[in-house]
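For reference, the structure discussed in these notes is given below.
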Amino acid sequence: MSNFNPPLEDIRFVLHELLDVPAIQALPGHGDTGPELIDAVLEEAGKFAAQVLAPLNRSGDTVGNQWHAGEVTTAPGFKEAYRQYCESGWNALPFPSQWGGQGLPAIVSSPVSELVMSANLSFSLCPMLTSGAVSALLLVGSDHLQKTFLPKMVAGSWTGTMNLTEPQAGSDLALVRTRAEPEGDHYRLHGQKIFITYGEQDFTDNIVHLVLARLPDAPEGVKGISLFVVPKFLVNADGSLGARNDVRCASLEHKLGIHASPTAVLNYGEKDGAIGYLVGEANHGLEYMFIMMNEARYFVGVQGIAISERALQQASAYAHERLQGKDLADPRGPTAPIARHPDVRRMLLTMRAITEANRSLSMTLAALLDQAHAGNAEALALAEFLIPIHKGWATEAANEVTSLGVQVHGGMGFIEETGAAQHLRDARITAIYEGTTAIQANDLIGRKTARDGGAVAKALAAQIRASIEAIGASEDADLKVIKTRLESALADFETCVAHVAGHFKSDMAAVHAGSVPYLQLSGLVCGGWQMARAAAVARRKLDAGQGDAGFHAAKLKTARFYADHLLTRVAGLKEIVLSGSSAVLDYPEERL
Ligand SMILES: Cc1cc2nc3c(=O)[nH]c(=O)nc-3n(C[C@H](O)[C@H](O)[C@H](O)COP(=O)(O)OP(=O)(O)OC[C@H]3O[C@@H](n4cnc5c(N)ncnc54)[C@H](O)[C@@H]3O)c2cc1C
């Protein structure tokens, strides 16, 4: 039995009403992606997620993975689900047809991923990591590496991993110590990687590790890191599997959440050294890894939305069933469902407004990534600006949303069998891996805002202003408030952009003290932008008597709620960005 309802109506609304799907379809490389095909793909993905993956989510959490002598047995049902996932073609969806993929654009593969992640976050991590590794090989792998690994990885017969972290090197990858010694046409790697997602599994007969390591003569710091492909089993010239490589899973971590995703300690070179192949040029590894990380950061942001949706659905169902207290409008009447209490309504609407706003932003970002992929430099710059905002804010928001999900359940939320607690536990990691929120915020203030003097941020503000103007004059009371609040929040965003760009060099610590509030504020404004656009469409549809009136009326009210309850947070965050730093920096370190 599944308790997950794919949010297809909202996904289709964003796709068909807010994005320019024909323009994306016209980009090279996407083949036949007409609206009917897109809708059919989403429908099927929803069924697969709800019927195959969602029923395994709870048992995956309670049973988890087993480690024995370096081998891993994944949670019951996961191996079979993975086989079905690949056989149904889901793994190959976004990749070029040249390698056996289906070449669908990110505006389709992103909501498909959201559905898979909502149904089973632990499961979804495996294809997500493979996808990042495929992207890196597509862009910088040699012909030989591409031919050897891509067809199997695109089909999902072999999975991919991303090996950055070491005990002493987490956020700071300059500290990576794994060594790679040259030996003929390959290298021998020695070192330990920790926290490697799906670093070992029993889904497939080979695993392709992408590993950061240093050559013997490499310069210190990030400029001395190279990228290697290290397969679990070496591959013979005819493509068959050869000898077992010298990489072993020493243990699996016991974690707060995502219990069914194996998080491995990998030892490289306990014997002769693990055989690895250099990807691209030596000492450019981190640059290449950023290809994977950018994609992974985008998809971790989507994870935040996916888990928020799941928590929302569960809380909403409970709020309609659970009877406590009286309806304020009918104090003598029967005991009311808790959904009647204003505060429970507030919690459910906060969950819904955040989830829908962030979904719309993530799909808008997917459209930008599609355009960027086709060579549009402006779209690329905007996408690069938005990625840390989306990753940082959608995952921080997921922590808030899943915590509210527990709160809606009252005491039952704290009891594991209800399932609300799993969403909270699973969501927690999303704001940590692929760069913590602080690391996203550092990227946002430095590389993305200060480096170009705020130019891309200002271009984004101009787009948001154009959307406000496009709404035009309306007699609708909700739309009027939505516009006014967005205008005010946008002005606060612009003030903060000028502050960050203007003070980044002269007052670095102070700007860093406000970096996460700046990221949150940017996320809230971008969400408000999306909700304002959605509200305008909903109003038009209602006036024209088109489509599902219930959906459009709810969308308009959700946007109004977002304006009143979420956009109003922006003014407070602006104060923190502008003047909150001395309180942070002046406090004595020994008393922290
Ligand atoms: C379940 C799980 C799966 C993972 N999967 C993978 C994987 O597949 N591959 C992989 O390579 N890694 C993986 N990781 C590692 C993950 O990416 C790191 O844990 C994460 O990047 C943070 O690094 P750290 O744990 O060393 O924390 P630290 O870097 O020690 O950070 C500790 C705290 O200090 C803050 N901090 C650190 N530096 C700065 C700074 N410059 N400015 C402001 N604040 C800072 C952080 O924000 C954080 O709050 C995984 C981790 C977990 C738990």
Side-chain angles (χ1 to χ4, degrees), residues 60-61 64-65 121-122 124-133 136 159-178 191-201 207-213 221-222 225 227-228 230 247 249 251-266 268 285-286 288-290 292-297 299-300 303 307 388 391-392 395-396 399 425-447 508-519 581 584-585 592:
D61 183 53
N65 302 286
L121 191 60
S122 285
S124 72
L125 279 157
C126 186
M128 188 188 97
L129 268 304
T130 305
S131 170
T159 61
T161 70
M162 183 164 122
N163 290 235
L164 292 75
T165 308
E166 299 178 9
Q168 78 296 341
S171 300
D172 187 357
L173 293 168
L175 303 176
V176 159
R177 283 206 292 250
T178 297
Q192 187 181 65
K193 295 288 178 181
I194 61 166
F195 297 160
I196 306 307
T197 299
Y198 280 92
E200 186 56 66
Q201 40 82 355
I207 304 175
V208 182
H209 303 293
L210 266 79
V211 186
L212 290 184
V222 289
I225 298 176
L227 179 64
F228 298 86
V230 184
V247 46
C249 175
S251 60
L252 291 183
E253 304 294 353
H254 300 280
K255 312 191 290 291
L256 177 68
I258 53 166
H259 289 159
S261 164
T263 305
V265 174
L266 293 183
Y268 288 86
L286 204 59
Y288 303 148
M289 199 55 121
F290 259 99
M292 288 178 79
M293 278 201 289
N294 256 333
E295 180 175 323
R297 284 175 176 182
F299 280 110
V300 173
Q303 290 180 356
I307 198 79
K391 194 289 181 182
T395 60
E396 289 290 336
N399 279 287
R425 289 186 290 98
D426 284 355
R428 193 64 194 87
I429 187 62
T430 61
I432 297 173
Y433 58 22
E434 302 303 341
T436 61
T437 310
I439 297 303
Q440 307 304 321
N442 286 351
D443 183 35
L444 180 64
I445 55 172
R447 272 190 297 270
M508 206 172 230
V511 173
H512 277 78
S515 64
V516 170
Y518 172 59
L519 180 148
S581 63
V584 172
L585 301 174
L592 274 176

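All values below were derived from every heavy atom in this structure, side-chain atoms included, with hydrogens, water molecules and symmetry-related copies excluded. Start at 1 and go down the list; that is how both ligands and their atoms are numbered.
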At under 4.0 Å between heavy atoms, which part of Glu434 makes contact with ligand 1: side chain, backbone, both or neither? backbone

Can you list the steps and then say if Thr197 with Met162 is a side-chain contact (heavy atoms from CB on, under 4.5 Å)? CA-CA 8 Å; Thr197 299; Met162 183 164 122; over 6 Å; no

Are side-chain N/O atoms of Thr263 and Lys255 paired as donor and acceptor at under 3.5 Å? yes

Nearest 0.5 Å, please: how far is OG1 in Thr178 from CD1 in Ile225? 10.0 Å

Distance to the ring centre below 6.0 angstrom and angle to the axis at most 45 degrees; does that hold for Arg177 and Tyr268? no

Asn442, portion touching ligand 1 at heavy-atom distance under 4.0 Å: side chain

Pairs of nitrogen or oxygen atoms closer than 3.5 Å, one from Ile258 and one from ligand 1: do any exist? no

Options Gly170, Ala431, Pro167, ranked by nearest heavy atom to atom 26 (O) of ligand 1, top entry: Gly170

Step by step, work out the side-chain contact (heavy atoms from CB on, under 4.5 Å) result for Met293 and Leu164. CA-CA 10 Å; Met293 278 201 289; Leu164 292 75; 3.5 Å; yes

Atom 11 (O) of ligand 1: the protein heavy-atom neighbour that sits closest, reported with distance to 0.1 Å: Leu164 N, 2.8 Å

Would Arg297 and Phe290 count as a side-chain contact (heavy atoms from CB on, under 4.5 Å) here? Give the steps. CA-CA 10 Å; Arg297 284 175 176 182; Phe290 259 99; 3.8 Å; yes

Any protein heavy atom under 4.0 Å from atom 28 (P) of ligand 1? yes

Between Gln192 and Leu266, is there a donor-acceptor pair closer than 3.5 Å when you use the side chain of the first and the backbone of the second? no

Got an N/O contact under 3.5 Å between Tyr433 and ligand 1? no

Heteroatom proximity flag, Phe195 to ligand 1, N/O under 3.5 Å: yes

Euclidean distance, Met128 CE relative to Glu295 CD, rounded to 0.5 Å: 8.5 Å

Between Thr437 and ligand 1, which part of the residue brings a heavy atom under 4.0 Å of the ligand: side chain, backbone, both or neither? neither

Which segment of Thr263 sits under 4.0 Å of ligand 1 when only heavy atoms are counted: side chain

When you compare ligand 1 with Thr165, is there at least one nitrogen or oxygen pair between them that comes in under 3.5 angstrom? yes

In the protein, which heavy atom is nearest to atom 36 (N) of ligand 1, and how far is it? Ser171 OG, 4.4 Å

Would you mind checking which non-hydrogen protein atom is closest to atom 39 (C) of ligand 1, with the distance to 0.1 Å? Ile439 CD1, 3.9 Å

Nitrogen or oxygen atoms of Lys255 and ligand 1 under 3.5 Å apart: no

Nearest-0.5 Å distance, NZ of residue Lys391 to CG of residue Asp443: 11.5 Å

Should one rank Thr161, Ile196, Ile432 by closest heavy-atom distance to atom 20 (C) of ligand 1, which comes out on top? Ile432

Considering all protein heavy atoms, does one lie under 4.0 Å from atom 33 (C) of ligand 1? no

Numbering the atoms of ligand 1 from 1, which are under 4.0 Å from a heavy atom of Thr197? 3 (C), 4 (C), 5 (N), 6 (C), 7 (C), 8 (O)

I'd like to check which ligand 1 atoms, numbered from 1 as shown, lie under 4.0 Å from a non-hydrogen atom of Met162. 7 (C), 8 (O), 9 (N), 10 (C), 11 (O)

Answer yes or no for atom 53 (C) of ligand 1: protein heavy atom present at a distance under 4.0 Å? yes

Under the 3.5 angstrom rule, does the side chain of Ser515 hit a backbone N or O of Val511 as a donor-acceptor pair? no

Main chain of Thr159, side chain of Thr130: is a donor-acceptor contact present, judged purely on distance under 3.5 Å? no

Based purely on interatomic distance, does Ala169 place a nitrogen or oxygen under 3.5 Å from a nitrogen or oxygen of ligand 1? no

Of Asn163, Thr165, Leu286, which meets side-chain contact (heavy atoms from CB on, under 4.5 Å) against Leu212? Leu286

Ala438 heavy atoms, cut-off 4.0 Å: which ligand 1 atoms fall inside? 43 (C), 44 (N), 47 (O)

Flag atom 49 (O) of ligand 1 as yes if some protein heavy-atom distance to it falls below 4.0 Å, otherwise no. no

Ignoring hydrogens and geometry, is there a side-chain-to-backbone donor-acceptor pair from Asn65 to Ala260 under 3.5 Å? yes

Could you tell me whether Thr436 approaches ligand 1 through its side chain, its backbone, both or neither, with non-hydrogen atoms closer than 4.0 Å? side chain

Might you check, step by step, whether the distance between atom 44 (N) of ligand 1 and some protein heavy atom is under 4.0 Å? yes

Verify the distance criterion only: is there a donor paired with an acceptor across the side chains of Thr395 and Gln303 at less than 3.5 Å? no

